[in-house]
Amino acid sequence: MTKKFYITTAIPYVNAEPHIGFSLEIVQTDTIARYHRFLGEDVYFLTGSDENALKNVQAAEEQGILVKKLVDKNSDKFYQLKDALNLSFDDFIRTTEKRHIEGAQALWKACKKEDIYKKKYKGLYCVGCEVFLTEKDLVDGKCPEHKNKPEVVEEENYFFRLSKYQDWLEKLITTNELKIIPRTRKNEVLAFIRQGLEDLSISRTRERAHGWGIPVPGDPNQIIYVWFDALANYITALDWQHKGKLYQKYWPADVHVIGKGITRFHAIYWPAMLKSAGIPLPKTEFVHGYITVEGEKISKSLGNVIDPFDLVKKYGTDPIRYYLLREIPAYGDGDFSIQRFKEVYNANLANGLGNLVARVAKLCEKSSSNFKATKSQIYPQVKQSLNKFLFDEALSFVWKEISVCDRVIDREKPWELSNKKLKTVLEKLVKEIRQISYNLQPFLPETAEKIEKQVKGPKIKSEKPLFPRLK
Ligand SMILES: [Zn+2]
């Protein structure tokens, strides 16, 4: 039987249009999904939009439009990343869909009765995070992520008995039964668990939720906490609520790809919820860092939000994919700047890859030889790196192979060779270029296809440059 592989992105809030930060996450996820398809696995790739957050309500109020209208508009923009970034996702779930609402409520009901209880509570709530913060989370009385004072909220909520799962969670993560990559993130999660876990508020009053969100089953005056609801998307999209075919085939998730700001939700709350509901647990969580733009945190007020659609329109899809995968450290934070983007584009795409293909194609055309088909393989180094989500390392290996080819050309000076010798050198180069394009498929699918077509043989001809130089 074919091995199955289920991978997800986190579902972004749709209070604004997508920016470069989520583009990183979804391009990384797409690369892993394509890589596993490439290995012959039966892959299911899910993304979607988180529409029940209070942030969405506030954004709609600011714009003076209905919440539904705002989430429809922005969710559609996120969906359009599919074409812009050449994404291969299989499904896009919106948390305002009926299937999700039913599923999230079913998950609530499936949790052990003794794990959910009601109590009066007073706490500090950050709407930006959609989370209650404790005093020890605050820096100078402010949310460290959003730099604003959280609201004091006092109300009666439902709570999830997270404290009960503390030892179990610690063991789950220490033993790698739930793997968290990279190790620094795993250590952060463990440190957080060892501080002691408090029970988690999992509902809001209808009033505070502005009537927006999924009602608690049997208590319509309470709305399910947006994180409890959002996390459920990973199973509701598979029709867990009806024990559907997709669920039976693909669950548990092989990889959840998430940003470092939401590790706690995915590595602590989510497994505890699933355990309580008697549902098998995901296997791996890959945590990426954040992108700054020109050295600054991305923020609307700074006006440095980069629109991925603009970038793609100007420079094409694969150069953007390349930058995100190669220039942003897979395990850490990275920066996007137009200047750096242009440097990388010219050095690695126009000169490196593009120039190599153009040079060799031209020599092949001149030699008027026929080139036999060759069999390409995935480089073991690329495989090893991708198994660890080290996109940058994988691409840097491919680019090493590109410079090996360049060196061969410089050394052999094929333009000075006799026909027979020329053919031998070109055959070697063509084989290597095919191998390079084969390995680029998960990263730069469109480019890989173009090169593959151009050097397929038996006659190889010059074509227009893959990456025209940028000024
Ligand atoms: Zn916050």
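Counting starts at 1 for both ligands and their atoms, following the listed order.
Contacts classified as salt bridge (charged side-chain N to carboxylate O under 4.0 Å, His left out) and involving residues 134-147 (residues at least two apart or in different chains) are given here: Asp137-Arg264.
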Hey, can you pull the donor-acceptor pairs under 3.5 Å for the side chains in residues 386-394, sequence neighbours left out?
| unit_1 | atom_1 | unit_2 | atom_2 | d |
| --- | --- | --- | --- | --- |
| Asn387 | OD1 | Tyr35 | OH | 2.8 |
| Asn387 | ND2 | Lys383 | O | 3.4 |
| Asp392 | OD2 | Ala330 | N | 3.2 |
| Glu393 | OE1 | Ser385 | OG | 2.7 |

Please tabulate, for side-chain N and O atoms in residues 270-280, each donor-acceptor pair with protein atoms closer than 3.5 Å (sequence neighbours left out).
| unit_1 | atom_1 | unit_2 | atom_2 | d |
| --- | --- | --- | --- | --- |
| Trp270 | NE1 | His256 | NE2 | 3.1 |
| Ser276 | OG | Lys112 | N | 3.0 |
| Ser276 | OG | Asp115 | OD2 | 2.6 |

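Classified by interplanar angle (parallel below 30°, tilted 30° to 60°, perpendicular above 60°), the ring pair Trp240/Tyr247 is perpendicular. In this structure, Trp251 and Tyr6 have perpendicular ring planes: the angle between them is above 60°, well past the 30° mark.
Taking 2.8 Å as the limit, the number of protein N, O or S atoms around the Zn ion (ligand 1) is 4.
In this structure, Asp90 contributes its side chain and Phe45 its backbone to a donor-acceptor pair below 3.5 Å.
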